[in-house]
Amino acid sequence: MVLVAIIVYILIKVLPEIGWTFLSQSPSDMGRGGGILPTIVGTLLVTLLAVVIATPFGIGTAFYLAEYTRGGILTRIIRFSADSLAAIPSIVYGLFGFIFFVTQLGLGLSILSGGLTLAFMILPTLIRTAEEAILTVPQSYREVSFSLGATKWQTIIKVVFPSAMRGIVNGLILSVGRCIAETAAVVLTAGSALHMPKSVFSSVRTMAVHFYTLASEGISMPKAYGTAALLIILIFLINVVTNILVNRMAAKGR
Amino acid sequence: MNKPIKIVINNFDYYYNKKQALYKLNLEIQANEILSVFGPANSGITTLLRSLNRLAELNPEGRAEGEILLDGKSIYDEDVNVTELRRRVGMVFDVPTPLPMTIFDNIVYGPRLSGVKNKKDLTAIVEESLWQAALWDDVKDRLGMPAMSLSGGQQQRLCIARVLALKPEVILLDRPCSGLDPISTAKIEESLIQLKEKFTIVIAPHNVQQAGRISDRVAFMLMGKLIEEGPNEEVFANPKDQRTSDYITGRFG
């Protein structure tokens, strides 16, 4: 109920605000006028980069933990670290990203620094959700696969991974949502430049950061709500689309 | 009666950690016969079956000692290719376990792994295996359906077809009819009796009656030890060991 109330409230506030101009133009006058196109592009790029970097590592680690090292001391250390890291406030990741990527590696305030930092931030969640998904795949599937002459690798690729797909994708959606919604870590690493990014080394302002700036500095409440609504719609769309895709894949099997 | 010996088990022990599950087993299995290994729960029958295709070693706590020869060659030798061995010695489990894919994909899972890619060959394998498992008429029009949509009995026959598609030499069945209704059970028994023309079958029956109905020879196991083995009629008509006779007359177990 509360959730619906929040969404309805924002959408009502905002409907007059969102239009083609809002979606397709750069902001003018610090965000009081114009649209928010660069921030949409910025959000998508930073998130995409983070997910592309984190996913292979996350899923790889999860399979390593679940399939290759059941119950060892190393497994427990990795698991414990992942759980601890998942609970750390995002601004700490931001600070780490700022010191390491921005200053130390000299990447500057850029899409690249932001993406890398967010990748670190979502990695623990990705690992743990994927690992849980892999562990729920019935052991009997693995036995059947082995008994039909499959190697461990073939079993993982052909049976375990497809069966764990849905859970893994759920973790991925969760991570994407966190990236899109992130402010603190992004301000510190990707900056808050309002222009259109030219390369991965450009600084960008994501939608969440834009919203935060507009609202907290009292620049323009209507534009702030517009951004918020678009954020919600974006996350909603991503959820719907991935769900449809996963359902379609899963429908082939069961 | 003198068929060639397919499998020889020599002084075979099996341990889970320190707990011993099989004690000095000695048994010969002839080609093209159905051997029933029966006994009460916890007798080590599943462990024995899983040792024959080295599936038992998936359990990291397990340890085998002794020898099992398949066609005169030890399957525990270092140069044995385990995946190859498991193709030669196929297994059907107690619970029907279709993989979460279509009926077609389930059956060609094994052949695809060994490199069969041609659609025509795969279709031929599917049809032949389903015929042998007496499932073709039930599913010929819905090979693209998820295997999970079949009934329990059909699922188990699918699992048998899936093993047959490997073109194995030996088929192990671990209480394959335990969750099935009498009609499905009868169908599976019927196909097993036909299949022994081509394969060597080792089955853990789900009760003594089933052992009596389908087997050429039977072996009685108790607490990890082989108590008695011999031709079906002999063991059931006049068992040599008191414990065997107690069990088959239903006095315990």
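Here is how names work: the chains are called A, B, and so on, in the same order as the sequence lines, proteins then strands, and each is numbered from 1.
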Quick check for you: to the nearest 0.5 Å, what is the distance between [X] atom [atom1] and [Y] atom [atom2]?
| X | Y | atom1 | atom2 | value |
| --- | --- | --- | --- | --- |
| B:Glu57 | A:Phe146 | CD | CZ | 10.0 Å |
| B:Leu55 | A:Arg142 | CG | CZ | 13.5 Å |
| A:Leu148 | B:Arg87 | CG | CZ | 9.5 Å |
| B:Leu166 | A:Ser147 | CG | OG | 7.5 Å |
| A:Tyr141 | B:Met101 | OH | CE | 9.5 Å |

pair B:Leu113-A:Lys158: side-chain heavy atoms closer than 4.5 Å: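 B:Leu113 vs A:Lys158: side chains touch.
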
Do the non-hydrogen side-chain atoms of A:Val144 and B:Arg162 ever get within less than 4.5 Å of each other?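 Result yes, sub-4.5 Å side-chain heavy-atom pair found.
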
Does any heavy atom of chain A fall under 4.5 Å from the side chain of B:Pro98, the backbone, both, or neither of them?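 B:Pro98 touches chain A through backbone heavy atoms alone.
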
Residues, nucleotides or ligands: over 12 heavy atoms within 6.0 Å of [X] [atom1]:
| X | atom1 | value |
| --- | --- | --- |
| B:Asn42 | CG | no |
| B:Tyr109 | OH | yes |
| A:Phe236 | CZ | no |
| A:Ile91 | CD1 | no |
| B:Lys198 | NZ | no |

For chain A, find which of B:Asn53, B:Val163, B:Val95, B:Thr97 contributes the most heavy-atom pairs closer than 4.5 angstrom.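 Heavy-atom pair counts peak at B:Thr97.
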
